[in-house]
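For reference, the structure is listed below as structure tokens.
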Amino acid sequence: ESTTHGVGAKDSSTQSYPKQVEGLLNKEFKNVDIKVFYDQSIGQNTSEISDKLPLWLKKFEPNLVIIMCGVNNWWNLDRSNILLFNKNKTINVLGCKMLIFLDKFRVWKLFKWISLSSGWYKTRWDYPHLKGESGDKLTLLYGEHIWEIVAEMVVESDIIEMVKDCRANGVKIIIANYPRSGGEELDTVHKKIAAEFNIPFVDNLNTFDNLANLDKYLWKDKWHPNELGYGVVAENIYRCIIDNNLIK
């Protein structure tokens, strides 16, 4: 999504963190031709990424997958496992669990794909942080607990699915959090999954919180890094790869 694409860098095609990681690794391993591939879509949620990952694993046959995603779920629920209609939290949680369970079956995925493609069903979403009628729409429809459910259930379920897909294909994994907070729930999910599955974790947020003159490393929106900030992210991931001996 945007942070992987390199939004905020002067030249995202060369200064995104994946391209800077590629440069650092090729400098370190001069006898190995290392390539870093990444989808350049912006605004994807975890369900959209999880749906694409099996195709990427088959196409690129990677040795390592770096997972840093989830922040877009707070405004983009398209194609996600969320289909909630009741303000009662218990009913919504049960409904969400059922949809996540069904999403593991190919017949259900085919049905959902046909529904989305035909326009019969489209997930409703909006910006929760906007003031007024527009920003209140989802809260009025689903209740304030909708965002808790998105963070704690959908993001977690999707990333775990990505981890299982990688491991089923013998692919090593790194989980990284964002340089700026995506919300306490999202930060907790990243750390929880890394610990549960014994996956190396890159704490970009902690690094940026301790940077002197933080604004020097951020784009004008104060959330996305600039080219210097992406260099810090790339260095963190590079060090994780070296320290964990992930490339022989």
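All heavy atoms count here, side chains included; hydrogens, waters and symmetry mates do not.
Between the side chain of K30 and the backbone N or O of K27, at least one donor-acceptor pair lies under 3.5 Å. With hydrogens and angles ignored, the 3.5 Å screen pairs a side-chain donor or acceptor of Q20 with a backbone N or O of Q15. Checking side-chain atoms of D221 against main-chain N and O of W223 turns up a donor-acceptor pair under 3.5 Å. A donor-acceptor pair under 3.5 Å links the side-chain atoms of N26 to the main chain of I34, judged by distance alone. Here the side chain of N45 pairs no donor or acceptor atom with the backbone of N72 at under 3.5 angstrom. Checking side-chain atoms of Y230 against main-chain N and O of V7 turns up a donor-acceptor pair under 3.5 Å. With hydrogens and angles disregarded, no donor-acceptor distance shorter than 3.5 Å links the side chain of N245 to the backbone of I241. The backbone N or O of E184 lies less than 3.5 Å from a partner atom in the side chain of T188, making a donor-acceptor pair. K172 places a side-chain N or O within 3.5 Å of a backbone atom of L246 that can act as its donor or acceptor partner.
Around the NZ atom of K164, the shell of radius 6.0 Å holds no more than 12 heavy atoms that belong to other residues, nucleotides or ligands.
You'll find the side chain of N177 stays beyond 4.5 Å of the side chain of V202, heavy atoms only. Side-chain contact check for Y217 versus P225: every heavy-atom pair is 4.5 Å or farther apart. Taking 4.5 Å as the limit, every side-chain heavy atom of I66 sits out of range of all side-chain heavy atoms of Y38. Contact annotation: the side chain of N204 approaches that of M68 to within less than 4.5 Å [non-hydrogen atoms, C-beta and beyond]. Residues E156 and L186 fail the side-chain proximity criterion, which asks for heavy atoms closer than 4.5 Å. A heavy-atom distance below 4.5 Å is found between the side chains of D203 and K191. Side-chain contact between L53 and C166: present, with at least one pair of heavy atoms (C-beta onward) separated by less than 4.5 Å. Under the 4.5 Å side-chain criterion, counting only non-hydrogen atoms from C-beta, S16 is not in contact with E227.
The pair K220-D215 fails the salt-bridge criterion, with no side-chain N (NZ, NE, NH1 or NH2) lying under 4.0 Å from an Asp/Glu carboxylate O.
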> Would S181 and L205 satisfy side-chain contact (heavy atoms from CB on, under 4.5 Å), going step by step from the backbone distance to the final call?
Replying inline: CA-CA 7 Å; S181 178; L205 179 59; 4.3 Å; yes
> Should Q44 and D39 be marked as a side-chain contact (heavy atoms from CB on, under 4.5 Å) after you check the CA-CA gap, both sets of side-chain angles, and the distance that decides it?
Replying inline: CA-CA 10 Å; Q44 299 183 99; D39 180 24; 3.1 Å; yes
>> I'd like to know whether E22 forms a salt bridge (charged side-chain N to carboxylate O under 4.0 Å, His left out) with K35, so could you lay out the CA-CA distance, the side-chain angles of the two residues, the decisive distance to 0.1 Å, and finally the verdict.
In response: CA-CA 6 Å; E22 183 179 82; K35 296 188 182 300; 5.9 Å; no
>> With side-chain contact (heavy atoms from CB on, under 4.5 Å) as the criterion, how do N226 and L218 come out once you've worked through the C-alpha distance, each side chain's angles and the decisive distance to 0.1 Å?
In response: CA-CA 5 Å; N226 57 23; L218 297 178; 5.7 Å; no
>> I'd like to know whether K216 forms a side-chain contact (heavy atoms from CB on, under 4.5 Å) with L228, so could you lay out the CA-CA distance, the side-chain angles of the two residues, the decisive distance to 0.1 Å, and finally the verdict.
In response: CA-CA 8 Å; K216 177 182 175 182; L228 293 177; 4.0 Å; yes
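Taking all atoms of both residues into account, the shortest heavy-atom contact from A194 to I175 is N-CD1, 4.0 Å. Scanning all heavy atoms of the two residues, the minimum distance from C240 to P200 falls at SG-CB, 3.6 Å. The two residues S47 and V154 make their nearest non-hydrogen contact at OG-CG1, 4.0 Å. Nearest heavy-atom pair across G43 and E48 is O-OE1, 4.2 Å. Shown here for T3 and Y17, the closest heavy-atom pair between the two residues is O-CD2, 3.6 Å. Residues D187 and G182 come closest through the heavy atom pair OD1-N, 3.8 Å.
W56 and L64 fall within a single hydrophobic cluster, where Ile, Leu, Val, Met, Phe, Trp and Tyr side chains are chained together by heavy-atom contacts under 4.5 Å. Under a hydrophobic clustering in which Ile, Leu, Val, Met, Phe, Trp and Tyr are joined whenever their side-chain heavy atoms come within less than 4.5 Å, directly or via other members, V21 and V171 fall into the same cluster. F201 and Y238 fall within a single hydrophobic cluster, where Ile, Leu, Val, Met, Phe, Trp and Tyr side chains are chained together by heavy-atom contacts under 4.5 Å. Hydrophobic clustering of Ile, Leu, Val, Met, Phe, Trp and Tyr side chains at less than 4.5 Å, counting indirect connections, unites F60 with I67. V232 and I174 end up in the same hydrophobic cluster when Ile, Leu, Val, Met, Phe, Trp and Tyr side chains are linked at under 4.5 Å.
Side-chain contact annotation: H224 with S2, donor-acceptor N/O pair under 3.5 Å present. If you check the side chains of D165 and N169, you find no donor sitting under 3.5 Å from an acceptor. When only modelled atom types and interatomic distance are considered, D158 and T46 share a side-chain donor-acceptor pair under 3.5 Å.
Ring geometry, Y178 versus H190: the interplanar angle falls from 30° to 60°, so the pair is classed tilted.
Here OG of S41 is found 10.5 Å from CD of E1. Values are rounded to the nearest 0.5 Å. Between the NZ atom of K248 and the CG atom of N63 there is a distance of 11.5 Å, given to the nearest 0.5 Å. How far OG of S12 is from CD of Q40: 7.0 Å, rounded to the nearest 0.5 Å. One finds the CD atom of E161 at 9.0 Å from the CG atom of D51 (value rounded to the nearest 0.5 Å).
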